[in-house]
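Note on naming: letters A, B, ... go to the chains in the order of the sequence lines (proteins, then strands), and numbering restarts at 1 for each one.
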Number of protein chains: 2
Amino acid sequence: MSETNLNLPRLTEEINTLHHHICYALREPVRILILYLLGEQGRYVNEISELLDIPQPTVSRHLAVLRGRGMVRTERQGTSVFYTLSNPHIIHILDDMRLMFDAEFDESADDSIVV
Amino acid sequence: MSETNLNLPRLTEEINTLHHHICYALREPVRILILYLLGEQGRYVNEISELLDIPQPTVSRHLAVLRGRGMVRTERQGTSVFYTLSNPHIIHILDDMRLMFDAEFDESADDSIVV
DNA sequence: AGGATATATTCGGTTATCCGAATAAACGAA
DNA sequence: TTCGTTTATTCGGATAACCGAATATATCCT
């Protein structure tokens, strides 16, 4: 029988929470891009839409995903809504991921099918 | 007109790479769990299957996703295959994510629909 | 109130991902 | 080579996520 010192039920629970709060938001590359854009400075929805050349409803939907996870904050200003990153640390984490595979992953990936 | 100092074409490209190499692998909670399991120690496929109580073909499919991105390495030993983490740093990154929303995200998430 | 602007949500339809079951492939032992 | 063991892959079918278009909501101004 296999054994582990990990508390699997608890870890599973925590990972589900992690996934729900953060990883889910990173499913779409465009959402990561929006995070970087907001990492530079706060933006209005139409600015994001313009800069990325993406229809406004699509941007709003992606922002809703980030908002629902508390990754961005909003401040209404008249008819506009100003979005900012809740926690800039997400950018460090994303940069850290990029460093990780820059350093090592590429050379070690096998050549089997990449789904 | 909105402007940004970000090099959007280049950033978009880099984010696509990031997403393809890492974020995609984090789409499924069970894959994150497998990463943690391998973070503790290397494992054979059937051990993972046993410990997580998941059918072996399902485990193999998830491992294939991780393998295709170079996140895990394999070493065949007879009929068995031993899996290890390519780069334990992924665990630090995941832990970092957990710390991030533990500290801040929960209190700031609004109550709109969380997709 | 009525119109203009900015943002959010809903609605169908398409695509992608996932799972379980069955099968295939790799290897060792007899 | 044949069998048993372990792992990998394939094949539907079900589900979930995504997008564009249309619509709804919120706010301000006259």
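Under the 3.5 Å distance criterion, the side-chain polar atoms of Thr74(B) are left unmatched by any main-chain donor or acceptor of Val81(B). The closest donor-acceptor contact from the side chain of His19(B) to the backbone of Arg27(A) lies under 3.5 Å.
Every residue two or more places apart in sequence or in another chain that forms a salt bridge (charged side-chain N to carboxylate O under 4.0 Å, His left out) with Glu40(A) is listed here: Arg43(A). Residues passing the ring pair (Phe, Tyr, Trp, His ring centres under 6.0 Å) test with Tyr36(A): none are found, sequence neighbours excluded.
A distance of 12.5 Å separates OG1 of Thr58(A) from CD1 of Ile48(A), quoted to the nearest 0.5 Å. Separation of atoms CE (Met100(B)) and CD1 (Ile22(A)) is listed at 3.5 Å; rounding is to 0.5 Å.
Using a 4.0 Å heavy-atom distance criterion, Phe82(A) is classed as making no nucleic acid contact. Residue Ser60(A) is classed as a base contact, given a heavy-atom separation below 4.0 Å to a base.
The side chain of Thr58(B) contributes no N or O atom lying less than 4.0 Å from OP1 or OP2 of dC18(C). The phosphate of dC18(D) (OP1 or OP2) has no side-chain N or O of His62(A) nearer than 4.0 angstrom.
Counting non-hydrogen atoms of other residues, nucleotides and ligands closer than 6.0 Å to CG of Asp53(A) gives a total of 12 or fewer. Within a 6.0 Å sphere centred on CD of Glu3(B), heavy atoms belonging to other residues, nucleotides or ligands number 12 at most.
Atom CD1 in Ile54(B) sits roughly 18 Å away from atom C1' in dT6(D) (whole-Å rounding). When the P atom of dT5(C) is taken as reference, atom CD of Glu50(A) falls 15 Å away, rounded to whole Å.
By the criterion of side-chain heavy atoms lying less than 4.5 angstrom apart, applied directly or through intervening Ile, Leu, Val, Met, Phe, Trp or Tyr residues, Met97(B) is grouped together with Ile91(B) in one hydrophobic cluster. Hydrophobic clustering of Ile, Leu, Val, Met, Phe, Trp and Tyr side chains at less than 4.5 Å, counting indirect connections, keeps Val65(A) apart from Phe82(A).
In the region residues 30-46 of chain A, proximity to DNA chain D at under 4.0 angstrom, judged on heavy atoms, holds for Arg31(A).
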Are any protein N/O atoms closer than 3.5 Å to N/O atoms in nucleotides 22-30 of chain D? If there are, list each pair with its distance.
none

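For residues 61-81 of chain A, no residue pair satisfies the ring pair (Phe, Tyr, Trp, His ring centres under 6.0 Å) rule, not counting sequence neighbours.
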Exercise. Starting at the 5' end of nucleotides 11-16 of chain D, put B wherever the base has a protein heavy atom under 4.0 Å, S where only the sugar-phosphate does, and a dash everywhere else.
Key: ------

